[in-house]
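Heavy atoms only: backbone and side chains are in, while hydrogens, waters and symmetry mates are out. Everything quoted here is computed from the prediction, not taken from an experiment.
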Amino acid sequence: MSAVFDKPSLLQRVLPLFRGFDWILIGLLMLLASAGLVAMYSSGYDHGTRFYDHGRNMLLATGILFLVAQIPPQRLMTLAVPLYTVGVALLVAVALFGITKKGAQRWINVGVVIQPSEILKIAMPLTLAWWFQKREGQLRPLDFLAAGLLLAVPVGLIMKQPDLGTSLLVLAAGLSVIFFAGLPWKLVLPPVLLGAIGIGLIVWFEPQLCADGVRWPVLHDYQQQRICTLLDPTRDPLGKGFHIIQGMIAIGSGGFWGKGFMAGTQTHLEFIPERTTDFIFAAYSEEFGLVGNLFLVVCFLLLVWRGLSIAMGATTLFGRLMAGAVSMIFFTYAFVNMGMVSGILPVVGVPLPFVSYGGTAMVTLGLALGVLMSIARAQNQPLAQRIVQ
């Protein structure tokens with residue numbers, strides 16, 4: 001009888017917390033985190049405590065991942081509307097009396113200074129996934145229109161700050177949910193075709209559109225300058241085009257194998273601006289070359305593939321939509337960052353996941369992976385346990 005009342009060991013109490021974890025996802029995360037630490041040690045060696053802070057941010061993100069993974073998807077869904085409401089309310093507060101830094105009004109003091117737009121990176125797909133879950137089996141065109149309005153409000157407020165990078169990420173996360181919910185192709189293709197035609201016209205008429213004194217409607221001056229600089233960085237090689245030119249030089253000089261760890265001249269002679277944040281991919285490419293770049297690209301593609309696999313096996317529409325959205329969030333982060341550093345996309349201030357320095361972005365990514373892990377755990381649990389939850 002005494003054996004029945006034996007107190008379980010610490011291991012016996014801890015193991016259930018990890019039951020159902022997707023270890024492929026964890027393995028990919030560890031590979032990317034290792035690459036990030038190596039890159040940060042080299043590029044941030046003279047930036048004070050950035051390497052140690054980066055490691056601390058990774059541990060914080062891992063802790064958040066673990067905690068969120070313990071919450072069943074059904075309970076996560078109940079947080080969608082409150083989180084969205086608070087996020088939009090804070091964005092309105094930022095527009096009215098936010099803190100301005102470097103010409104952008106993106107922050108607000110609520111005891112601590114925060115950037116509310118970061119909340120919407122997760123709140124937006126959560127809310128849209130909740131919306132489509134509620135409308136499951138009775139979706140109409142008006143439901144997609146309502147989802148578009150829910151997405152347009154925060155994206156418009158974020159663009160007004162202005163913050164093109166974050167608005168792009170929130171837009172991509174929201175659109176991925178709407179697309180995975182079954183948006184008809186006849187509604188997808190027209191804007192894609194119009195966008196392609198618009199890009200073609202901008203490239204064709206670039207000398208006229210980017211001439212001095214010409215102002216584009218809708219876009220802010222700095223956004224117009226970024227596009228014009230992308231099309232011709234040599235227009236201002238020591239000013240607005242400096243970032244792109246130096247990034248391309250660093251990537252090209254790395255060659256196939258790279259110059260070696262701590263041996264990047266463009267990096268350590270400080271030619272690469274923001275080499276620990278937005279442009280850390282250029283510093284990494286210089287030292288590890290094409291081989292290192294392929295390693296990162298493969299890791300990110302596998303991460304997206306694994307996320308989409310979890311989406312396909314999710315037990316609810318909410319789980320499928322949310323897992324798909326998180327997967328596309330990582331794809332957007334990686335594609336936009338590598339693209340802007342390589343000179344094929346405008347510089348919009350998007351970090352490279354788990355590699356770039358930045359506590360807020362790291363926490364957001366940890367939260368996103370926690371949601372993905374929660375969905376993976378739910379599909380790995382016995383049916384009876386899912387019903388209880």
Side-chain angles (χ1 to χ4, degrees), residues 10-41 51 53-73 75-76 121-122 125-126 173 284 292 294-316 318-335 337 351-382 385-386 389:
L10 178 62
L11 183 62
Q12 290 173 321
R13 283 179 287 173
V14 169
L15 279 179
L17 299 178
F18 293 92
R19 188 172 295 133
F21 265 48
D22 191 292
W23 294 106
I24 296 177
L25 203 62
I26 293 295
L28 292 168
L29 173 60
M30 291 177 66
L31 289 175
L32 287 169
S34 300
L37 287 170
V38 170
M40 187 59 61
Y41 185 88
F51 172 74
D53 292 344
H54 190 61
R56 177 204 62 202
N57 293 337
M58 281 186 175
L59 290 175
L60 177 61
T62 302
I64 291 173
L65 185 161
F66 177 78
L67 290 175
V68 175
Q70 308 304 317
I71 306 173
R75 293 184 184 176
L76 286 174
K121 290 180 182 178
I122 299 299
L126 264 177
Y284 175 89
L294 289 175
F295 170 78
L296 276 185
V297 169
V298 169
C299 284
F300 280 119
L301 287 177
L302 288 174
L303 182 65
V304 173
W305 163 78
R306 191 57 191 167
L308 292 176
S309 298
I310 292 171
M312 291 176 64
T315 56
T316 63
F318 172 82
R320 289 195 294 275
L321 296 179
M322 198 60 211
V326 169
S327 303
M328 297 315 296
I329 286 173
F330 282 100
F331 173 81
T332 305
Y333 264 99
F335 177 75
N337 180 274
L352 188 61
F354 309 113
V355 182
S356 295
Y357 179 84
T360 304
M362 192 74 76
V363 167
T364 302
L365 293 169
L367 181 59
L369 273 180
V371 172
L372 191 57
M373 190 66 74
S374 170
I375 297 166
R377 293 187 75 200
Q379 70 189 51
N380 290 331
Q381 289 174 348
Q385 192 171 349
R386 290 184 214 155
Q389 292 176 345

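For residues 351-366, the set of pairs meeting the salt bridge (charged side-chain N to carboxylate O under 4.0 Å, His left out) definition, not counting sequence neighbours, is empty. Residue pairs meeting the salt bridge (charged side-chain N to carboxylate O under 4.0 Å, His left out) criterion with at least one partner in residues 55-66, sequence neighbours excluded, are D53-R56.
Rounded to the nearest 0.5 Å, atoms CD (Q70) and OG (S374) are 9.0 Å apart. To the nearest 0.5 Å, atoms CG (L303) and CH2 (W305) are separated by 11.0 Å. For the atom pair CG of L28 and CZ of R306, the computed distance is 9.0 Å after rounding to the nearest 0.5 Å. Here R377 contributes atom CZ and D22 contributes atom CG; the two are 11.5 Å apart, rounded to the nearest 0.5 Å. Here the CG-OG distance, from L308 to S327, works out to 4.0 Å after rounding to the nearest 0.5 Å.
Across every non-hydrogen atom of Y333 and P351, the tightest pair is CD2-O, 3.3 Å. A pairwise comparison of heavy atoms in S356 and M40 identifies C-CE, 4.1 Å as the closest pair. Residues R320 and T315 share a closest heavy-atom pair of NH1-C, 4.4 Å. The minimum heavy-atom distance between A39 and Y284, with the atom names listed, is CB-CD1, 3.9 Å. Contact between P125 and A325 at its shortest, heavy atoms only, is CB-CB, 3.8 Å. Closest of all the heavy-atom pairs between F318 and P73 is CE2-O, 3.5 Å.
Taking 4.5 Å as the limit, some side-chain heavy atom of L65 sits within range of a side-chain heavy atom of L29. For the pair L25/I310, a side-chain contact is recorded, criterion being any heavy-atom separation below 4.5 Å from C-beta on. L76 is listed as a side-chain neighbour of V68, based on a closest heavy-atom distance under 4.5 Å. For the pair L352/L296, a side-chain contact is recorded, criterion being any heavy-atom separation below 4.5 Å from C-beta on. Using a 4.5 Å heavy-atom cutoff, the side chains of V326 and M322 are in contact.
Between F330 and F354, the angle of the ring planes stays under 30°, which puts this pair in the parallel group of the 30/60° scheme.
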Determine all donor-acceptor pairs shorter than 3.5 Å in which one atom belongs to a side chain in residues 357-373; sequence neighbours excluded.
residue : atom : partner : partner atom : Å
T364    : OG1  : E118    : OE1          : 3.2
T364    : OG1  : T360    : O            : 3.0

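More than 12 heavy atoms of other shown residues, nucleotides or ligands fall within 6.0 angstrom of atom CZ in F21. Within 6.0 Å of OH in Y41 there are 12 or fewer heavy atoms belonging to other residues, nucleotides or ligands.
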TODO: Apply side-chain contact (heavy atoms from CB on, under 4.5 Å) to the pair I329 and K121, showing each step before the final yes or no.
DONE: CA-CA 8 Å; I329 286 173; K121 290 180 182 178; 5.7 Å; no

